[in-house]
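Keep in mind that the numbers below use all heavy atoms, side chains included, and drop hydrogens, waters and symmetry copies. Below, chains carry the letters A, B, ... as their sequence lines are ordered, and counting in each starts from 1.
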Amino acid sequence: MLLRHGLVSADSHACVTPDAFTARMSRQRWGDRIPQVREVEQDGRLVERWVVDGRVMSTRCVVNCAAVMGDPLRRTFAQRWEEVPRIAYDPLARLQALDSDGVDGEVLFFNDPLDSISLPFLADAEYELACVQAYNDALAEWRRASDHYIPLALVPYLGGGEAAATEVRRAHEQGHRGVVMVAEPSMADPRLPHFTDPAWDPLWAVCQELAMPVNWHAHAGIRLLPPQWQKLQALRRTAAFVVQPQFVGDFLLSGLADRFPGLVLVCAETGAGWLAYVMQSADRRWERDQMWRDGARTRPSEIVHRQVRVTFWYERAGIGMRDLIGVDNILWASDYPHGTSSYPRSWELIDKVLAGVGDAERRKLLCENVLRVYGVPAHAAAGTATTSG
Amino acid sequence: MPITIEDVPGRPVSYRMASVDDHVGEPATLWTDRLPADRWGDRVPAVRRDPDGTRRWFVDGEPVPLPVQERWQEAVDGELASPAGRLHAMDQQGVDVSVLYPTAAGPAGQVLGRVTDPELELACVRAYNDWLVEEWAAASPRFVPLCLVPLHPVEAAVTELERAVGMGHRGLVYPALPSLVRADAPELTAQGHAKLWQACAALDVPVSFHSGAAAEIMAPVPGAASPGYAAALEAINEPVSSALFVAHLLLSQVLAPHPGLKAVFGENSLGWMGFALETMDYLVSVDRLNIDTYPVMPSEVFARQCFCVGSYEHLAEVTTDAVPLRSVLWSTSHPGPGSTWPDTPVTVANALARVAEPACRQVLWENAAQLYRLAEVVAVAAPAGGV
């Protein structure tokens with residue numbers, strides 16, 4: 001990746017086009033179950049929505065790209081595909097928009113028909129694998145369009161650890177540089193083993209071997225907000241960012257991180273500061289209960305420095321705690337093109353959040369860390385002050 | 001007498017410590033001694049044995065699943081059960097004043113809230129409030145009692161709050177998710193609750209929303225986990241699970257209309273709070289979903305009215321713009337699973353390393369002293385040499 005600005009987002013959202021699945025899945029085999037954009041009636045008017053396995057995936061929009069809809073209040077959402085700007089879904093047009101915002105590249109999470117909380121493909125193993133492969137193939141096209149994109153693959157859950165590992169290997173060959181997962185599979189679907197169950201070991205082994213970080217995003221598939229609170233939108237969205245910390249303790253203390261010391265966990269769109277709490281709290285329990293006697297060989301805070309990474313966009317708290325968390329473990333993110341995105345004034349927000357942070361640390365936070373975590377080679381364009389890779 | 005942490009090399013500490021979140025152990029006969037058996041029979045809270053021999057609290061005839069029951073039960077049965085034993089432990093730990101929450105009644109008082117008969121609920125709550133003052137607060141001014149109230153109706157809650165404060169209680173313990181405690185209990189956002197918040201403000205007593213009172217907002221412990229491992233995960237996750245109801249209180253504007261109301265987030269810890277507050281402000285202001293309806297930013301309401309509670313985190317690193325020193329209280333969480341006992345002096349010294357002395361004093365004593373009017377406690381206790 002050629003760096004002109006020295007800024008790479010560790011959390012952005014690729015928008016796959018309406019033909020992503022229909023062009024790649026057998027109509028004869030899957031018929032109308034194929035994920036597709038379809039006209040549906042909502043509140044008495046015709047709109048377009050992603051429909052997966054017969055289910056309409058969103059009441060809000062066809063694609064979540066509120067930051068690029070031209071509404072400074074970010075209350076406007078695309079109701080039909082033709083309303084979606086090219087700078088959301090066209091990889092090359094999007095790169096120009098990023099460049100105008102001073103952003104060099106992006107780690108690509110999903111967008112509609114997927115989101116952080118629903119797992120629409122979990123019907124049966126064959127259907128799930130077909131959908132996952134179609135998605136991974138579609139997203140790999142972005143990497144082929146430009147090396148400024150760092151795509152993250154989906155993993156199939158229902159086929160077991162070996163099948164998941166096989167798909168990760170295939171995705172890696174196509175250019176994916178990490179995987180997106182739910183924080184706790186057994187909560188997403190009771191048929192699935194717990195995150196730390198050895199049944200997943202083949203998956204962790206291949207992620208470790210190929211240096212593919214495991215990424216949790218926002219809710220990470222977990223619902224912990226009581227239903228009676230769901231109606232308050234701002235609370236629903238805050239909840240998306242504050243449940244993930246509850247799942248990191250298990251990663252630190254279960255022995256999983258010792259079995260796979262090269263397995264990296266990235267917690268995206270959940271901020272950074274909370275990790276200072278989790279690591280101190282886990283260290284405290286580990287010492288107090290002498291948990292090394294029960295298989296947790298390594299001090300939790302050492303595991304954090306070795307294997308856990310977090311992201312930030314508007315947050316000053318986590319930056320203030322960077323000595324505890326480790327300045328090498330915090331990655332800048334834009335959340336483009338979602339509503340919380342710093343686009344199109346990313347550097348304004350960065351200068352505010354990183355006020356008082358020295359140049360060497362800024363470079364780590366803004367681009368060197370993300371490139372190292374995802375193993376992406378990069379060099380600075382002539383005339384830029386940035387060094388990385 | 002100011003405390004001195006003599007056995008911490010290089011750090012003589014010469015200020016007082018108020019532990020704002022400790023738990024008292026209710027004796028097995030607390031309610032059976034005080035409630036008429038001929039009226040309530042087996043519905044009175046009491047300790048009985050399960051068919052498998054486990055000792056367990058039964059409330060309104062139903063077994064109570066308390067987290068890490070065994071460890072808490074030790075505290076109830078052991079020397080910490082008596083005020084004298086507890087004072088001795090506080091002396092050893094360098095704690096001058098201990099603010100008391102329940103154990104059997106639930107860390108947030110939620111267990112008695114499960115009682116569906118309003119008369120029985122009120123009788124249970126009154127018995128607890130009476131007992132805490134008679135047995136503990138009367139034993140030493142170093143104990144600061146917090147009262148419980150019935151969840152419903154609000155008039156009964158206000159009446160009991162006024163009665164309890166009149167007899168010496170200095171705060172209210174209330175579950176943050178009443179409708180998860182009892183289906184018909186109104187949410188904190190319900191209009192009726194305004195009367196309770198007004199009463200707290202008028203009486204100048206804070207309301208405490210303690211962590212760990214609702215399993216629904218906590219990550220489930222893996223099925224294969226040993227009891228020790230489960231307790232470790234709960235100790236890490238309970239405090240940070242408070243994030244959901246802190247956000248609920250601030251984003252639903254429960255606190256903002258009552259600027260005189262103070263809220264304490266018991267056993268919630270510090271490190272995650274800055275991010276949570278910045279998230280709320282960011283969603284409200286930049287990602288403008290609701291800004292029209294927020295005359296005051298969530299973080300401003302927090303700074304004005306709220307307190308979070310640390311016990312071992314490194315204060316120098318975890319306080320932020322959004323979590324200023326004036327919003328931080330300290331505790332030993334005695335004797336819960338996350339307690340710093342019996343290593344409080346060393347733990348506090350480590351946590352406050354590189355923190356200037358005025359800031360240490362503010363967090364360990366002054367903030368709590370103002371909130372719970374501890375100057376009165378000191379004035380009363382000093383002649384007897386108790387503090």
Which bit of [X] comes within less than 4.5 Å of chain B, counting heavy atoms only: side chain, backbone, both or neither?
{"X": "A:Val243", "result": "side chain"}
{"X": "A:Thr270", "result": "backbone"}
{"X": "A:Leu349", "result": "side chain"}
{"X": "A:Arg316", "result": "both"}
{"X": "A:Ser341", "result": "backbone"}
{"X": "A:Asp250", "result": "both"}

Using 0.5 Å steps for rounding, measure from the [atom1] atom of [X] to the [atom2] atom of [Y].
{"X": "A:Met181", "Y": "A:Leu203", "atom1": "CE", "atom2": "CG", "answer": "5.5 Å"}
{"X": "B:Phe307", "Y": "B:Asn268", "atom1": "CZ", "atom2": "CG", "answer": "12.5 Å"}
{"X": "B:Leu251", "Y": "B:Met280", "atom1": "CG", "atom2": "CE", "answer": "5.5 Å"}
{"X": "B:Ser242", "Y": "B:Phe209", "atom1": "OG", "atom2": "CZ", "answer": "11.5 Å"}

Could you give me the CA-CA distance, side-chain angles and deciding distance for A:Ser12 and A:Ser9, then say whether side-chain hydrogen bond (donor to acceptor under 3.5 Å, both in side chains) is met? CA-CA 6 Å; A:Ser12 294; A:Ser9 167; 2.8 Å; yes

Less than 6.0 angstrom separating the ring centers of A:His338 and A:Tyr343, yes or no?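 Here the rings of A:Tyr343 and A:His338 have centres that are no less than 6.0 Å from each other.
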
A:Trp204 ring center within less than 6.0 Å of A:Phe195 ring center: yes

Max heavy-atom pair count under 4.5 Å with chain B, selected residue of [options]:
{"options": "A:Val248, A:Leu224, A:Leu225, A:Asp289", "result": "A:Leu224"}
{"options": "A:Ala183, A:Ala67, A:Ser254, A:Ala296", "result": "A:Ser254"}
{"options": "A:Arg322, A:Arg223, A:Arg284, A:Met291", "result": "A:Arg284"}

Do the side-chain N and O atoms of [X] and [Y] include a donor-acceptor pair separated by under 3.5 angstrom?
{"X": "B:Glu187", "Y": "B:Thr189", "answer": "no"}
{"X": "B:Tyr312", "Y": "A:Ser281", "answer": "yes"}
{"X": "A:Tyr314", "Y": "B:Thr279", "answer": "yes"}
{"X": "B:Ser339", "Y": "B:His334", "answer": "no"}

Region of [X] that comes under 4.5 Å of a non-hydrogen atom in chain A:
{"X": "B:Ser226", "value": "neither"}
{"X": "B:Glu313", "value": "both"}
{"X": "B:Ser252", "value": "both"}
{"X": "B:Ala247", "value": "both"}
{"X": "B:Met273", "value": "neither"}
{"X": "B:Leu233", "value": "side chain"}

Who among [options] has the most heavy-atom pairs with chain A under 4.5 Å?
{"options": "B:Ala316, B:Ala224, B:Pro239", "result": "B:Pro239"}
{"options": "B:Gly228, B:Ala322, B:Ser241", "result": "B:Ser241"}
{"options": "B:Val221, B:Leu180, B:Leu270", "result": "B:Leu180"}
{"options": "B:Thr319, B:Asn237, B:Val318", "result": "B:Asn237"}
{"options": "B:Asp281, B:Thr340, B:Asp343", "result": "B:Thr340"}
{"options": "B:Ser179, B:Gly223, B:Pro222", "result": "B:Pro222"}

With ring pair (Phe, Tyr, Trp, His ring centres under 6.0 Å) as the rule and sequence neighbours excluded, what pairs involving residues 220-244 of chain A come up? A:Trp229-B:His248, A:Phe241-A:Trp313

Please verify the inter-ring angle class for B:His23 with B:His210; under 30° counts as parallel, over 60° as perpendicular, anything in between as tilted.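 Perpendicular, since the angle between the ring planes exceeds 60°.
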
